[in-house]
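A quick write-up on the structure given underneath.
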Amino acid sequence: MLLCRLNEIEPNASRGFEVEGVSLFCVRKDEQVFAYINHCPHRGVPLEWQPDTFLDAEKQFIQCATHGALFTIDAGECVAGPCPGEKLTPVDVRLEAGDIHVDL
C-alpha cells in the first residue's frame with residue numbers, strides 16, 4: 001500500500017499515519033525508512049506528544065512522550081526507560097521509485 005513519497009518526510013524526521021484503522025509512524029534516517037505501530041509496549045499508549053513528533057530532541061531515538069522510554073530507530077528496541085529489551089511492533093516497509101509502501 002502506498003503511504004507517501006519519500007521526500008514528504010524530511011531526513012532524520014518522523015511522520016504519523018492512519019492506515020486501515022491502524023496508527024503507525026515512519027522514521028526517515030537519511031535515505032532509509034523504518035515503520036512501526038504507534039503503540040508503546042510498556043504503557044500501551046501512542047508514542048508522540050505532538051503530531052508527527054516521535055523522535056527525541058537529538059533525533060537519535062524514538063521517544064515515548066508518556067514516560068520517556070527511548071527506542072532504537074533501526075530495530076525499535078527499548079534501550080532506556082522502564083521497558084528495556086522490549087520492542088516496538090515493526091511494519092514491513094519498502095521504497096519503490098521514491099515512494100514509501102507498507103504491508104499491514
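When hydrophobic clusters are built by joining Ile, Leu, Val, Met, Phe, Trp and Tyr residues whose side-chain heavy atoms come closer than 4.5 Å, directly or via intermediates, Leu6 is grouped together with Leu24. Cluster annotation: Val79 and Leu88 are assigned to distinct hydrophobic clusters (Ile/Leu/Val/Met/Phe/Trp/Tyr, side-chain heavy-atom contacts under 4.5 Å, transitive).
Within the 4.5 Å cutoff, side-chain heavy atoms of Phe54 are placed close to those of Asn38. With contacts defined as side-chain heavy-atom distances shorter than 4.5 Å, the pair Val93/Phe34 does not qualify.
Screening Val27, Val102, Leu95, Leu3 against Val33 for a side-chain contact (heavy atoms from CB on, under 4.5 Å) leaves a single residue, Leu95.
Between Gly44 and His39, the shortest heavy-atom contact is CA-CE1, 3.3 Å. Shown here for Cys64 and Cys40, the closest heavy-atom pair between the two residues is SG-SG, 3.9 Å. The shortest non-hydrogen separation linking Lys59 to Asn12 is CD-O, 3.0 Å. The nearest pair of heavy atoms linking Glu18 to Ser23 is OE2-CB, 3.1 Å. In terms of heavy-atom proximity, Ala69 sits nearest to Pro82 at CB-CD, 4.1 Å.
The residues Glu10 and Arg28 are annotated as not salt-bridged, no charged nitrogen and carboxylate oxygen being separated by less than 4.0 angstrom.
To the nearest 0.5 Å, atoms NE2 (His42) and SG (Cys78) are separated by 9.0 Å. Separation of atoms OG1 (Thr72) and CD (Gln60) is listed at 12.0 Å; rounding is to 0.5 Å. Atom CG of Leu47 and atom CD1 of Ile62 lie 7.5 Å apart (nearest 0.5 Å). Distance check, rounded to the nearest 0.5 Å: NZ of Lys29 to OG of Ser14 gives 13.5 Å. The line from CG of Leu70 to CD1 of Ile73 is 10.5 Å long, rounded to the nearest 0.5 Å. Here the CD1 atom belonging to Ile100 is positioned 8.5 Å from the CZ atom belonging to Arg15, to the nearest 0.5 angstrom.
Atom CZ of Arg43 has 12 or fewer neighbouring heavy atoms from other residues, nucleotides or ligands inside a 6.0 Å radius.
Remark: the backbone N or O of Gly16 is paired with a side-chain donor or acceptor of Asp52 at under 3.5 angstrom.
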Query - CA sep, side-chain torsions, deciding dist, call: Val91, Asp103, side chain to side chain contact (heavy atoms under 4.5 Å, CB included) - result: CA-CA 7 Å; Val91 174; Asp103 296 317; over 6 Å; no

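Under the 30°/60° scheme for interplanar angles, the aromatic rings of Tyr36 and Phe25 are found to be tilted.
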